[in-house]
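Please read the structure below before turning to the comments.
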Amino acid sequence: MLALLSFRHRNGGGFCGYYCFCVEKGTRTPAYLPSVFTQTHTLHKRIYQMQVTVPATGVNSFNYSFSYLCLPDDKNVCIIDDIIRAMEEIQSARTSNSSVPPLRYPITELADGRQAYIGHQLGGVQGWAPNGAVRGQGTGARGEGVRSARALQLTYYLQARGGLMDRVASQWEKAFCAELQHFAALHPKLGLYPSTSSSLRTDFQFSSVLAHQPLLASLGACSVLVVLCCSMRDCVRSKPWLGLLALLSITLSGLTAAGILNLTGATYNSTYLGIPFVMLGHGLFGSFEMLSSWRRTREDQHVKERVASVFEDVMLRLSGSTMLHLMTLGLAASPLTNMEAVRLFCRTAALAVTISYVYMLSFYSSCLVFTGYLETGYRHGCFCRRVPKPDRLDSKPAWYRCLMYTRYQDEAPAANPPPHGVDPGHAHAANSSLTNTHAHAANNTAAGGLVANSTHGHPHPHPLTHPTANMDPNPQDSHLLLGCVRRCYGDWITNTYVKPFVVLLYLVYISFGLMGFLQVTQGSDPSALVAMDTATVLYTRAQQRYFSSYSPVIGFYIYESAPYWNASVQRDLLEYAKGFQRISWLEAYLNYLTDRNQSTSQPRENFTNTLRHGFLREPQYAHFADDIIFAERGGGGEEPDVAASRIFLVAKTTENKREEMSVLLDTLRRLSLTSRVRFLIFNPSFVYLDRYAAAVSSPLRHSLLAVLFLLGLSSLAVVEPLVSVWLGLTVLSVQFGVLGFMTLWGVELDCMSVMCLISALGHSADCSGPLLCGFSSGRGDSRTRWVRVALERHGVPSLQTLICYGAALVPVGTVRSNLTHTLFRCLALTAGCSALHTLAFLPTLLTFLPPSKSRGERPDGEAQRQEVECVEMNDSTRVVDQITTV
């Protein structure tokens, strides 16, 4: 199998590199064979002679070859890999029928006597043991003979001068890929995996292309479930169009945000695939809460009054949750976050959430008013056709009666007795909805702040009566989920015998979350953010398989003048490099002195003079001149000192190269602090690992602190501060569980998972906040009854949101992309952990933990002293009763 990776990297020096990585197909045929070497050398020549024409047509067109684009050395010769020189020497020896020079691994010796490190250019190497046996891959000692190699990696450096040269380099990349495809067709035994400098960007953006159809499937699945969640048996009170309009509102807000980004010149990247789900969770929750609050209003009220009650009940809480989203996303998008991908994602998500909130206040609220007028006129929820009254409906066919089923206001009085303690004579005969829904007008004023009160202060029913018994006397007209929660789930989850098992389940949840939390690893592999089966992923897999035996090259820099002629200093430096594969000027120089029967412990002048005028002038050692810096000593013709020098080290590694590199980095840094020879170690990957370790967790930490600060501030503005305490603990618990289970599911802490964790803060607050507010605002009765009330009023909207949200996530999990797999796993865990807390853990824990329900309870006789004032009021449709409970 032959794989080529071309990588173009621009920096201050202005160069770019191409990596060519070759592997023979099959498991028995080694790549280090005459035929394979011949094919590889032929490919190298074709790449070297390849030309591109820029511009493609015109008088000013010019042909550019690799010789023109390459990065030259001091002799104005293109820089090429040492393995290419070794291949040319072997090919030349075979052509002239002379002895083939031995190829050693990982350090070989070229024809000019120079030692060259080829550990990163040959992979899957099998060497010869001293007794002639075959060693396993990478098990030999330094400089062992190579029997076979399964992989070969080549590097081609290009100059990046800007302007025209960038265009030429881009065209050269395309010609490079085309040449590889053509070569693969001519040599079917070799597999080719071309990749260029833009491959990482292209493969990263390819995730969005693959996600087009799954996102449309997500939208379709979510639309179906939204319609079902908004439907009821009663065709008038059913609101299927309102569900679709909620989804349309979210879609329009997303398109508006995308248009604003385009107008501001922002660019799109594949991490934005998570933003629609942030909007979906927040927007659906707000729409389902508004619909639930609408169903709790009195049907005999005017539409304006019902809408005002909905806004009074929901909007303050929705505004608080939106503020929490903006706080977490805004702080993660601030300059405090030093990861550009996270900043861009959070900035765009904050814009999308803001626009979605505006659409919810304007567009969706207008749709709610329109459907309210349809309901007032007894029009069908789907077809907008007026539903006949029962006397006319009886003559219709059965399917028509089923399709047009509804309950008129004049059907309910007999089935609805007046509330306990109210004289039947004071109840108007037409007031059938007095006990159907409760009044919003007595909302508890504890709704101020972030966590608005979502329950309504109304006279408490008889102790033997369920607090919601007056809310829906016709369960057959209720929503299916509401009926299940009211008649089944609410009683089951608050059962005395179920509570211990729920507490035990929470302890298991915490245990597994802790197990995963202790195993969190930082994902610094770029292939985790690209689509599968792409050049980047294929190259990374092959590189990990064949080139994981050695670490990246580590620069060992001695940045102060040291007495290199001192024997103890020489021993220290040799001891530091012991155990590494190395090409050291000091070690080569000491061997040079030993071969000439000279002492290695010479006076400074003799040591430096021999180094400058003898060692560095030998052809095989001349390249070490780049590793030593000399400094003059004041004058008087004295021999200059070695002011600074460097040694290159390569460590032996296993498959866990990243973890071993981190340990090695820490070990060498600690050694540099205690050594008497002042040195430092450096590799470009160290900069990435150090910055990544600090950058990957900072946005999540800042967002979490923002949530806790906002909840602490809101606790000063609400009547029940324990709501903020409970909400903060719930957010922390959900975040802890998502992080732990995410690790157990094989997701590393990379930029995509951090983005999902930041959005999980707002999602968990959306789901659990209303339930906590509804429970805490209730007074009197028992904890169990108020838990059931909170589940009915706010647990059902949360459940509807989670159902639609989960269905929308399923198609995304089928996209063949590592990025979308991370997105799916993190968001699915967020939805699952939020559902557990909202529907299981919190309802159970609130039955025996604060806040208490005893405060604010009315005296025994006060509940009996209730007056009901009936005021008739004309509106544009019919005469209705406005009931005010005093």
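Just so you know, these numbers use all the heavy atoms, side chains as well, and skip hydrogens, waters and symmetry mates. Here the structure is a predicted model, which is why all the values come from computation and not from measurement.
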Kindly write out the residues that satisfy side-chain contact (heavy atoms from CB on, under 4.5 Å) with S292, not counting sequence neighbours, or none if the list is empty.
-> R296, P797
Take I803 and L481 through the side chain to side chain contact (heavy atoms under 4.5 Å, CB included) test and state the conclusion after the steps.
-> CA-CA 11 Å; I803 290 174; L481 291 179; 4.2 Å; yes
From S293 atom OG to M315 atom CE, the distance as rounded to the nearest 0.5 Å = 9.5 Å
Residue list, side chain to side chain donor-acceptor pair (under 3.5 Å) with T494, at least two apart or on another chain | R788
What residues, two or more places apart in sequence or in another chain, satisfy side-chain contact (heavy atoms from CB on, under 4.5 Å) together with S366?
-> none
With the side chain counted from C-beta on, respond yes when L791 and V796 share a heavy-atom pair under 4.5 Å apart, and no when they do not.
-> no
Of the non-hydrogen atoms in L722 and P850, which two are nearest, and what is the gap between them?
-> CD1-CB, 3.7 Å
Taking atom CD1 of I493 and atom OG1 of T847, what is their separation to the nearest 0.5 Å?
-> 9.5 Å
ring-ring contact (aromatic ring centres under 6.0 Å, His included) involving F383 - partner list, sequence neighbours excluded = H380
Say you draw a straight line from OG1 of T376 to CD of E299; how long is it, rounded to the nearest 0.5 Å?
-> 9.0 Å
Over all atoms of both residues, closest heavy-atom pair of Y400 and P388 = OH-CG, 4.1 Å
Electrostatic pair R298:E305 at N-O distance under 4.0 angstrom = no
Go through the steps for T830 and S764 under the test side chain to side chain contact (heavy atoms under 4.5 Å, CB included), then give the verdict.
-> CA-CA 8 Å; T830 299; S764 58; 5.9 Å; no
Q800 (side chain) donor-acceptor with C229 (main chain) under 3.5 angstrom = yes
Nearest 0.5 Å please: distance from the CH2 atom of W294 over to the CZ atom of R306.
-> 4.0 Å
Step by step, work out the side chain to side chain contact (heavy atoms under 4.5 Å, CB included) result for V734 and S768.
-> CA-CA 10 Å; V734 171; S768 57; over 6 Å; no
Listed by chain and number, what are the side-chain contact (heavy atoms from CB on, under 4.5 Å) partners of V498, not counting sequence neighbours?
-> W492, N495, V502
Partner set under ring-ring contact (aromatic ring centres under 6.0 Å, His included) for F841, not counting sequence neighbours = Y506, Y509, H837
Would you check if F288 and C230 make a side-chain contact, meaning some heavy-atom pair closer than 4.5 Å?
-> yes
For S356, side chain to side chain donor-acceptor pair (under 3.5 Å) partners two or more places apart = none
Within a strict 4.5 Å, meaning less than it, do heavy atoms of the W726 and L842 side chains meet?
-> yes
Kindly write out the residues that satisfy side chain to side chain donor-acceptor pair (under 3.5 Å) with S834, not counting sequence neighbours, or none if the list is empty.
-> none
Does P276 reach the side chain of L215, with side-chain heavy atoms less than 4.5 Å apart?
-> no
Counting distance only, does the side-chain N/O of T371 pair as donor-acceptor with the main-chain N or O of L368 below 3.5 Å?
-> yes
Sorted by chain and number, sequence neighbours left out, side chain to side chain donor-acceptor pair (under 3.5 Å) with H325 holds for D766
R317 side-chain N/O to C773 backbone N/O, donor-acceptor pair under 3.5 Å | no
Atom of A808, atom of L280 and distance for their closest heavy-atom approach = CB-CD2, 3.7 Å
Could you tell me the separation between the CD1 atom of I355 and the OH atom of Y359, rounded to the nearest 0.5 Å?
-> 7.5 Å
Is there a side chain to side chain contact (heavy atoms under 4.5 Å, CB included) between M290 and S365 once you walk through the steps?
-> CA-CA 9 Å; M290 292 179 68; S365 299; 3.8 Å; yes
What is the distance from atom CG of L329 to atom CG of L351, rounded to the nearest 0.5 Å?
-> 11.0 Å
With a cut-off of 6.0 Å (strictly less than), are more than 12 heavy atoms of other residues, nucleotides or ligands near CZ of F363?
-> yes
Taking all atoms of both residues into account, what is the closest heavy-atom pair of P770 and E289, and its distance?
-> CB-OE2, 4.2 Å
Identify the heavy atoms of C235 and V387 that sit nearest to each other, and give their distance.
-> SG-CG2, 3.7 Å
For L216, check side-chain contact (heavy atoms from CB on, under 4.5 Å) against everything at least two apart and list the hits.
-> none
Check A835 against L802 and note the closest heavy-atom contact, atom names and distance.
-> CB-CD1, 3.3 Å
Can you sort out the partners of F277 under ring-ring contact (aromatic ring centres under 6.0 Å, His included), two or more places apart, ordered by chain and number?
-> none
Close side-chain approach of V236 to R379, heavy-atom, < 4.5 Å | no
May I ask you to test the S776-L772 pair for a side-chain heavy-atom distance under 4.5 Å?
-> no
Check step by step if ring-ring contact (aromatic ring centres under 6.0 Å, His included) holds for Y357 and H282.
-> CA-CA 9 Å; Y357 176 73; H282 183 61; 7.6 Å; no
4.5 Å side-chain heavy-atom contact, S798 and F285 | yes
Please tabulate, for the side chains in residues 240-255, all donor-acceptor contacts under 3.5 angstrom to protein atoms that are two or more places apart in sequence or on a different chain.
| unit_1 | atom_1 | unit_2 | atom_2 | d |
| --- | --- | --- | --- | --- |
| W241 | NE1 | C382 | O | 2.6 |
| T251 | OG1 | L247 | O | 2.8 |
| S253 | OG | S249 | O | 3.2 |
| S253 | OG | I250 | O | 2.6 |

Could you check if a side-chain atom of T328 sits within less than 4.5 angstrom of a side-chain atom of S759, using non-hydrogen atoms only?
-> no
